[in-house]
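Heads up, the thing below is written out as structure tokens.
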Amino acid sequence: MADVLTPPIPSDAPASVPLTPLGKVIAVTSGKGGVGKTFVSANLAAALAKLGLRVLVLDADLGLANLDVVLNLYPKLTLHDVFTGKAKLEDAIVRAPGGFSVLLAGSGMVEYSRLTPEVRNDFLRIMGGLVPHYDVVLLDTGAGISDVVLFAVSLASEVIVVATPEPTSLTDAYATVKVLVGQQKRQTIRMVINQTARLGDGRAITVQLQQVLDRFVPTEPGRPIKLVHMGDIPADPAVRQAIMRRQLLMQATPSCPAAMAISQLALKLEETVISRNK
């Protein structure tokens, strides 16, 4: 897949990840499923690619992967084949609609639902081969706080937590942030609020979560937690239509309100995060 990777990934890619390239890795995660995390990852990748960036999305949801469904792709090779040595990394990477690259996981990878030393080393080897060849790598993680999800998030320099205004989603988002602060000592976590009903809802929600964190989550002196509101994605009937048709929203209806919001999110990420790490 020489057209996908520039330059080609060497077959003897290192088994560890240098710290500097990790600045190009952004984890997209959520406290609970069903909040649109994979939808955001895929369409954000398309919006970033439209800005001229070399983008790859790695499906890091090893147990219940569905990025292939969202993108209407039928891969012959997946992350499982790379992990088991049946395929080379570069052969498992495919071009997605929207002008970005993807490395798909395949559903039901039960043997990768726990963070064994083998899974950890496989992840590190894959990341070591991917990161140097892209401007940004998006990790579409699983939902929740399993050890596999937390390890995938730990590989990223930036974390985006996707939530909706529903109380259950916000409760789980709070729990996720609390764990990331406690275990990974993160100070800055970026929030995207999906399916908002009114302009400004997401910012108000982020402020409320910040207040709860300030009150109940202990931090080290001089290391406060900062939630950064990156944007809202409004509830939009075009989203459901695109999902049902297995199309990227950014291609199906690029001028609808939700697509415009994702374009603004991509621009904000490029200006505040990605440009620092080129």
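What you see is a predicted model, and the numbers here were worked out from it, not measured in a lab.
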Can you tell me how far [atom2] of [Y] sits from [atom1] of [X], rounded to the nearest 0.5 angstrom?
| X | Y | atom1 | atom2 | answer |
| --- | --- | --- | --- | --- |
| Glu118 | Phe83 | CD | CZ | 11.5 Å |
| Met230 | Leu44 | CE | CG | 9.0 Å |
| Glu271 | Leu51 | CD | CG | 9.0 Å |
| Lys50 | Ser263 | NZ | OG | 6.0 Å |
| Leu155 | Leu130 | CG | CG | 11.0 Å |
| Lys24 | Met127 | NZ | CE | 10.0 Å |

Could you check if a side-chain atom of [X] sits within less than 4.5 angstrom of a side-chain atom of [Y], using non-hydrogen atoms only?
| X | Y | answer |
| --- | --- | --- |
| Thr29 | Val162 | no |
| Lys185 | Arg223 | yes |
| Leu67 | Asp61 | no |
| Ile274 | Ile26 | yes |
| Lys88 | Val82 | no |
| Phe100 | Leu56 | no |
| Val25 | Leu139 | yes |
| Leu248 | Phe39 | no |

Worked verdict on Ile233 versus Ile262 for side chain to side chain contact (heavy atoms under 4.5 Å, CB included): CA-CA 7 Å; Ile233 301 174; Ile262 293 171; 3.9 Å; yes
Exercise: identify the closest heavy-atom pair between [X] and [Y]:
| X | Y | result |
| --- | --- | --- |
| Ile93 | Ser101 | CG2-CB, 3.8 Å |
| Ala152 | Ala60 | CB-CB, 4.2 Å |
| Gly36 | Asn194 | CA-ND2, 3.9 Å |
| Val239 | Ala258 | CG2-CB, 3.6 Å |
| Asp135 | Gly52 | OD2-O, 4.4 Å |
| Thr176 | Gly31 | OG1-CA, 3.1 Å |

Checking one residue: Met260. Which other hydrophobic residues are in its cluster under the side-chain 4.5 Å linking rule?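 Same cluster as Met260: nobody, lone residue.
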Val212: hydrophobic cluster co-members (side-chain, 4.5 Å):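 Joined to Val212, directly or through intermediates: Ile145, Val149, Leu150, Val153, Val159, Val161, Leu170, Tyr174, Val177, Val179, Leu180, Val181, Ile189, Met191, Ile193, Ile205, Leu209, Leu213, Phe216, Val217, Ile225, Leu227.
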Linking I/L/V/M/F/W/Y whenever any side-chain heavy atoms sit under 4.5 Å apart, do Ile126 and Leu77 land together?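 The answer is no; the residues belong to distinct hydrophobic clusters.
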Report whether Met250 and Val70 are members of the same hydrophobic cluster (ILVMFWY, side-chain heavy atoms less than 4.5 Å apart, transitive linking).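 No.
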Regarding Asp140 and Ser41, do their side chains bring together a donor and an acceptor under 3.5 Å, going by distance alone?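 A pair is found: one side chain offers a donor N or O, the other an acceptor, under 3.5 Å apart.
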For the backbone of [Y] and the side chain of [X], can you confirm whether one donor and one acceptor N or O come within less than 3.5 Å of each other?
| X | Y | result |
| --- | --- | --- |
| Asp232 | Gly202 | yes |
| Thr253 | Cys256 | no |
| Arg240 | Met244 | no |
| Lys37 | Thr141 | yes |
| Ser169 | Glu166 | no |
| Asp236 | Ala238 | yes |
| Asn43 | Val40 | no |
| Asp81 | Thr78 | yes |

Counterpart residues, side-chain contact (heavy atoms from CB on, under 4.5 Å), relative to Gln195 (two or more places apart):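 By the side-chain contact (heavy atoms from CB on, under 4.5 Å) rule, Gln195 matches Thr164.
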Listed partners of Pro254 passing side-chain contact (heavy atoms from CB on, under 4.5 Å), at least two apart: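 Pro254 satisfies side-chain contact (heavy atoms from CB on, under 4.5 Å) with no other residue.
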Please, which pairs that meet ring-ring contact (aromatic ring centres under 6.0 Å, His included) have at least one residue in residues 141-164, sequence neighbours excluded?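 Residue pairs with at least one partner in residues 141-164: Phe123-Phe151.
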Counting only heavy atoms not in Lys226, do more than 12 sit closer than 6.0 Å to its NZ atom?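 No, the 6.0 Å shell around NZ holds no more than 12 heavy atoms from other groups.
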Matching residue for Leu104 among Leu79, Leu73, Asn66 - test: side chain to side chain contact (heavy atoms under 4.5 Å, CB included):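 The passing option is Leu73.
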Would you call Arg198 and Asp201 a salt bridge, taking side-chain N to carboxylate O under 4.0 Å as the test?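 Salt bridge between Arg198 and Asp201, a charged N being under 4.0 Å from a carboxylate O: yes.
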Going through the distances and angles, do Glu270 and Val273 end up as a side chain to side chain contact (heavy atoms under 4.5 Å, CB included)? CA-CA 6 Å; Glu270 200 280 332; Val273 175; over 6 Å; no
What residue pairs, at least two apart or across chains, pass salt bridge (charged side-chain N to carboxylate O under 4.0 Å, His left out) with a residue in residues 245-257?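 For residues 245-257, and leaving out neighbouring residues, there are no salt bridge (charged side-chain N to carboxylate O under 4.0 Å, His left out) pairs at all.
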